[in-house]
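To start, the structure under review is shown below, and the notes come after it.
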There are 2 protein chains.
Amino acid sequence: MSAIEPQPESSELTTLRTSSLTSVVEKEIERMILGGTLKPGERLNEFQLANRFGMSRGPLREAMRSLNARGFVEVVRNRGVFVRQIPVEEALEIYDLRSAVFGLAGRLLADRLTDEMLVDLKSYLVRMDQLAEEQDFEAYYPLNLEFHAYLVTATGSKTLKREYQSFVDRLHLCRARTLVQANGLAVSNHEHREMVDALASGNVSRAHEAFFRHVQRAKLRFVSTLRDADIRRD
Amino acid sequence: MSAIEPQPESSELTTLRTSSLTSVVEKEIERMILGGTLKPGERLNEFQLANRFGMSRGPLREAMRSLNARGFVEVVRNRGVFVRQIPVEEALEIYDLRSAVFGLAGRLLADRLTDEMLVDLKSYLVRMDQLAEEQDFEAYYPLNLEFHAYLVTATGSKTLKREYQSFVDRLHLCRARTLVQANGLAVSNHEHREMVDALASGNVSRAHEAFFRHVQRAKLRFVSTLRDADIRRD
DNA sequence: ATATGGTCGATTGCCGACAATTCCTCCACC
DNA sequence: GGTGGAGGAATTGTCGGCAATCGACCATAT
């Protein structure tokens, strides 16, 4: 073994050599936002954050600008940056965009589906069916995410994958969206089966339709839970 | 005339009171990139740019981070930022995304088209037909852009408009895309008429199809001009 | 002649400090 | 009691400087 071999254990040093401090802290704050540590509408104090991460305000501000461009935070001059809070109307718009992009994913996939991919997808269906039957939401949710990630990755379009993920992330910034996914496990999985069947048929527009409608129905479920919350609030 | 009166001519200073120096220089560099002053692959020297704009490197670096997140430039640690150069494969992916989003625009518009909007759209068609017949590409191109901008704006979805514009902008960063639009003026306008007709019919999926296929055909025209260039190069 | 090693200039990454603005508090006044 | 304004604390916007890193060029040895 050569002495010049890269050291696998120096993850922190290697990271700082590869990425800049700015990108590291950007990812960290993104994680805190999506993880719920930082809540929508909350103000991000530059000085406090810089101290917490043991760095100066310069790189932190650069990270903020990047997060702003990506839609995670909002910058108000001389007032500071706030975690983006997405109103319901905009969430609906994002659902539409997401369904359009997801529909494209169905279209692309129907044309390049391999036997191996079909096996993987059916495996997802079986496992999710089982969890849906057991009403195990805790386990169903991440598997559902993984299923969707598999699909958009399998399109082979990095751009599509990035944009789709961007929409999914942004929907997390809508306060009203908490507990949306709680209802309709089996319903959702029925739609998944329709999607996979459409892909297997090789019919492009049928796949498009199945994928598009899946997100549109998620949007409708979102709206109905919204209405339920409104009624309850009265 | 009072000495404290705000100076109406100081557009630059006034701008600085409203937006930050960072956002001003970001827009300026974006303009320089899209306008062709800064070419894809070109390196952006922080020191030079800061001097040219008469500011320090801090705000400039923040602007760079934002432009990076928006896909206009690429940042390489310790080496600098470069104007993003989009390879052909990625341009094709973007065309697909753009057609999916544009298809959604057609869908939304078919449901909310007013008589007034229809009049505006038909006016566009007439003017563009005329310019196409005169082969006046110089005048046709901006009107074509305006027509598309009208459509995505009329959807009422700010999110859709922003994302669509983002795709259009990014396509400008593909070197191979120069002179794409040169061919097929009348062809393109025939598709425009199909789109407006579909909208007027109120048929949602027909509108979707017309809008989607319009961009898909633009993608095909892009591919064919690419092939022509390849043949010519041999 | 090519490859290896070292030095130097240029440029970026990061930091601390100062200036400008906003926000909060408190007091005077109506 | 409520309203308006002055003053101070907190926070952001911007700047210049230092250290680290990279690329280019040259010297030297094989």
Side-chain angles (χ1 to χ4, degrees), chain A residues 2-4 6-7 10-29 32-33 38-39 41-69 72-84, chain B residues 4 6-7 10-29 32-33 38 41-69 72-85:
Chain A
S2 165
I4 328 171
Q7 307 290 333
S10 61
S11 68
E12 297 169 9
L13 275 180
T14 311
T15 304
L16 261 183
R17 291 214 188 284
T18 310
S19 11
S20 66
L21 196 47
T22 299
S23 39
V24 173
V25 74
E26 177 182 349
K27 278 210 169 173
E28 178 61 17
I29 294 181
M32 289 168 75
I33 291 179
L38 299 173
K39 291 184 173 46
E42 187 173 343
R43 175 147 169 270
L44 301 182
N45 186 309
E46 289 181 5
F47 195 75
Q48 278 183 4
L49 281 176
N51 271 25
R52 182 195 298 197
F53 292 118
M55 57 199 260
S56 85
R57 285 172 48 220
L60 191 90
R61 283 176 62 87
E62 293 178 19
M64 292 300 189
R65 287 291 173 174
S66 185
L67 288 169
N68 174 62
F72 286 106
V73 301
E74 204 162 352
V75 176
V76 184
R77 177 180 160 96
N78 285 327
R79 294 220 18 214
V81 318
F82 304 81
V83 178
R84 185 93 202 285
Chain B
I4 326 173
Q7 308 290 333
S10 63
S11 67
E12 298 167 8
L13 279 181
T14 311
T15 307
L16 264 184
R17 293 217 186 282
T18 312
S19 354
S20 67
L21 197 47
T22 299
S23 39
V24 173
V25 74
E26 177 183 347
K27 279 212 167 170
E28 178 62 17
I29 294 181
M32 289 167 73
I33 291 178
L38 299 173
E42 188 172 343
R43 175 148 169 270
L44 302 183
N45 186 307
E46 290 181 5
F47 193 76
Q48 278 182 6
L49 282 176
N51 271 25
R52 182 195 297 198
F53 292 118
M55 59 199 253
S56 84
R57 285 171 49 222
L60 191 89
R61 283 176 62 87
E62 293 179 20
M64 291 300 188
R65 287 290 174 174
S66 185
L67 289 168
N68 174 61
F72 285 107
V73 302
E74 205 162 353
V75 176
V76 184
R77 180 183 158 92
N78 285 327
R79 294 221 18 216
V81 317
F82 304 81
V83 178
R84 183 93 201 285
Q85 198 165 3

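Chain A is the first sequence line, chain B the second, and so forth, proteins listed ahead of strands; every chain is numbered from 1. Keep in mind it's a predicted model, so treat the numbers as computed, not measured.
What separates CD of B/E62 from P of D/dG13 is a distance of 8 Å, to the nearest Å. A straight line from CG of B/L49 to C1' of C/dT11 spans 13 Å, rounded to a whole angstrom. Across the protein-nucleic acid pair, A/E46 atom CD and C/dA17 atom P stand 17 Å apart, rounded to whole Å. Look at CZ on B/F47: it is 15 Å from C1' on C/dG13, rounded to the nearest Å. The separation between B/N45 atom CG and C/dG13 atom P is 12 Å, rounded to whole Å. Rounded to whole angstrom, the span from the CE atom of A/M64 across to the P atom of D/dG13 amounts to 11 Å. The nearest whole Å value for the distance from the CZ atom in B/R77 to the C1' atom in D/dC22 is 11 Å. Taking atom CG of residue A/L60 and atom C1' of nucleotide C/dC15, one finds them 13 Å apart after rounding to whole Å.
In this structure, the nucleotide among D/dT14, C/dG16, C/dG13 sitting nearest to the side chain of A/S56 is C/dG16. Closest contact between the side chain of B/N78 and the listed nucleotides D/dT21, C/dC15, D/dC15 involves D/dT21. For A/M55, the listed nucleotide lying nearest its side chain is C/dC15; candidates were C/dG13, C/dC15, D/dG13. In the set D/dT14, C/dC14, D/dG13, the nucleotide with an atom closest to the side chain of A/T22 is C/dC14.
A donor-acceptor pair under 3.5 Å links the side-chain atoms of A/S23 to the main chain of A/S20, judged by distance alone. Checking side-chain atoms of A/R43 against main-chain N and O of A/R79 turns up a donor-acceptor pair under 3.5 Å.
The shortest side-chain heavy-atom distance between B/E26 and B/L67 falls under the 4.5 Å cut-off. In this structure, A/I29 and A/M64 have side chains that are in contact, with non-hydrogen atoms separated by less than 4.5 Å. A/R52 has its side chain out of reach of A/Q48: every pair of non-hydrogen atoms, C-beta onward, lies at least 4.5 Å apart.
Within 4.0 Å (heavy atoms only), B/G58 reaches no atom of the nucleic acid at all. Among the atoms of the strands shown, only primed sugar atoms or phosphate atoms (P, OP1, OP2) are found under 4.0 Å from some heavy atom of A/L44.
For the pair A/R61 and D/dG13, the criterion of a side-chain N or O lying under 4.0 Å from OP1 or OP2 is met. OP1 or OP2 of D/dT12 lies within a sub-4.0 Å distance of a side-chain N or O belonging to A/R43.
Applying the 3.5 Å distance criterion, the base of C/dG13 shares no donor-acceptor pair with the side chain of B/R79.
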